[in-house]
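Just so you know, these numbers use all the heavy atoms, side chains as well, and skip hydrogens, waters and symmetry mates.
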Amino acid sequence: MTIAKIAIWDFDGTLGHRRHGTWAESLLEVLDVQEPGHPWSFPEMFDALATGFPWHAAHAPHPHLCDPDAWWDHITAVITKALTRLGISRPYAAAAATRAAYTDPSMWSLYPQALSVLDQLTALGWKHVLLSNHVPELPALLSALGVDTRFQAVINSAASGYEKPHPQAFRLAKEAASSARRLVMIGDNPEADVAGARHAGIDAIWVRRNQHTDTPDLDAAAHILLDPDLLRSQPHPALHEVPPLSTTTTRPLPIR
């Protein structure tokens with residue numbers, strides 16, 4: 001009897017990314033259009049957006065935000081408050097324009113190894129589940145990138161109401177992989193992906209990115225998946241760490 005093998009993948013920072021950066025960069029792009037010559041920079045914007053998003057309070061379910069418009073109304077309010085604190089003259093206008101800017105499919109790319117790794121693993125008997133803290137438009141982004149058909153299930157926090165590392169997010173992934181006898185989580189976030197998976201009793205591969213410009217080494221992650229001895233070389237739930245393809249001197253975040 002063939003044992004079902006399922007890889008649970010994170011998306012943003014693992015399989016794909018917004019090429020010019022995420023929330024802070026997206027807002028700066030909006031401001032470049034709405035307020036040319038504005039004085040704000042990435043560090044200020046990054047700090048201003050450090051609270052209020054659903055994943056900043058992952059312990060708290062948010063089923064009331066599962067409607068896409070409700071989710072974006074919440075995000076728009078959070079961004080409006082942040083921009084008001086910065087002294088931006090038209091904070092709501094910039095916040096409201098963020099949805100179109102952030103979800104523009106032309107701004108998103110898969111990492112170079114993503115499709116080949118998914119397809120090679122599929123050919124060798126693996127199935128795939130996507131578990132992501134993301135925006136409601138994630139399915140449309142996956143379709144635009146041509147990767148949506150690779151997954152037997154997509155579990156998106158904006159639709160489920162549970163952000164990783166909430167235990168229910170991983171329970172939903174287990175339910176989607178109900179036939180599996182081997183489950184492995186692959187992700188770049190040491191807390192949301194790795195610690196969350198291991199707390200749920202799932203082996204984890206940490207495809208480390210020391211900086212947002214680093215590229216995860218998905219080929220190395222696939223090598224671990226395909227080597228039963230490596231998967232069994234640590235007590236369950238195991239942790240395997242994969243350094244990025246482009247290395248830097250920045251120390252990685254610790255795993256707790």
Side-chain angles (χ1 to χ4, degrees), residues 9-36 38 40-58 62 64-86 88-111 114 130-148 154-164 169 187-189 192-193 209 211-216:
W9 296 89
D10 170 55
F11 177 67
D12 196 354
T14 300
L15 291 173
H17 63 130
R18 189 176 185 276
R19 291 189 306 280
H20 300 298
T22 54
W23 292 98
E25 294 91 342
S26 180
L27 265 170
L28 290 170
E29 292 164 13
V30 169
L31 289 172
D32 288 343
V33 173
Q34 294 188 355
E35 301 190 24
H38 66 81
W40 294 283
S41 63
F42 173 78
E44 294 169 305
M45 194 63 66
F46 183 85
D47 290 343
L49 299 176
T51 60
F53 287 74
W55 41 84
H56 292 145
H62 50 84
H64 58 293
L65 300 180
C66 289
D67 174 78
D69 289 336
W71 194 93
W72 277 108
D73 286 346
H74 172 77
I75 297 300
T76 300
V78 168
I79 294 174
T80 299
K81 290 179 183 178
L83 299 186
T84 299
R85 291 193 298 269
L86 286 178
I88 290 171
S89 60
R90 296 188 301 149
Y92 177 79
T98 304
R99 181 175 188 173
Y102 192 83
T103 62
D104 180 355
S106 70
M107 301 297 289
W108 289 83
S109 294
L110 296 174
Y111 286 114
L130 192 72
L131 179 62
S132 180
N133 294 349
H134 220 278
V135 300
E137 290 79 1
L138 176 61
L141 293 174
L142 297 175
S143 178
L145 293 169
V147 73
D148 55 324
V154 173
I155 302 162
N156 179 15
S157 63
S160 73
Y162 295 95
E163 306 286 331
K164 296 175 296 182
D188 72 303
N189 189 298
D193 298 324
R209 294 190 310 128
Q211 302 236 16
H212 74 279
T213 53
D214 285 342
T215 298

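- For the atom pair CG (L28) and OG (S41), the distance works out to 7.5 Å, reported to the nearest 0.5 Å.
- To the nearest 0.5 Å, the span separating OG1 on T76 from CZ on R99 amounts to 8.0 Å.
- Below 30°, between 30° and 60°, or above 60°: for H62 and H64 the angle between ring planes is above 60°, a perpendicular geometry.
- Counting heavy atoms of neighbouring residues, nucleotides and ligands inside a 6.0 Å radius, atom CZ of F53 exceeds 12 of them.
- Using cut-offs of 30° and 60° for the angle between ring planes, the W23 and Y102 rings count as parallel.
- Without hydrogens or angle criteria, H74 side chain to G52 main chain gives a donor-acceptor distance under 3.5 Å.
- In this structure, a donor-acceptor pair under 3.5 Å is present between the side chains of T14 and D188.
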> Does the side chain to side chain contact (heavy atoms under 4.5 Å, CB included) test come out yes or no for V154 and D148, once each step is laid out?
Replying inline: CA-CA 8 Å; V154 173; D148 55 324; over 6 Å; no

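- By the 30° and 60° cut-offs, the orientation of the rings of W40 relative to H38 is parallel.
- If you take OG1 on T98 and CG on L83, they are separated by 7.0 Å, rounding to the nearest 0.5 Å.
- Distance check: H134 NE2 to T103 OG1 gives 10.0 Å after rounding to the nearest 0.5 Å.
- If you take CG on L65 and CH2 on W71, they are separated by 9.0 Å, rounding to the nearest 0.5 Å.
- Note on ring orientation: taking the six-membered ring where Trp is involved, the planes of H212 and F42 are parallel (angle under 30°, cut-offs 30° and 60°).
- S106 meets the side-chain contact (heavy atoms from CB on, under 4.5 Å) test with D104; sequence neighbours excluded.
- For D214 (side chain) and Q211 (main-chain N/O), a donor-acceptor pair under 3.5 Å exists by modelled atom type.
- For the residue pair E29 and S26, no side-chain donor N or O sits within less than 3.5 Å of a side-chain acceptor on the partner.
- Interatomic distance, S132 OG to N156 CG, rounded to the nearest 0.5 Å: 6.0 Å.
- Within the structure, salt bridge (Lys or Arg N to Asp or Glu O under 4.0 Å) contacts touching residues 155-164 (residues at least two apart or in different chains) are D10-K164, K164-D193.
- A search for ring-ring contact (aromatic ring centres under 6.0 Å, His included) contacts involving H17 returns Y111, not counting sequence neighbours.
- A salt bridge does not link R18 with E25: every distance from a Lys NZ or Arg NE/NH1/NH2 to an Asp or Glu carboxylate oxygen is 4.0 Å or more.
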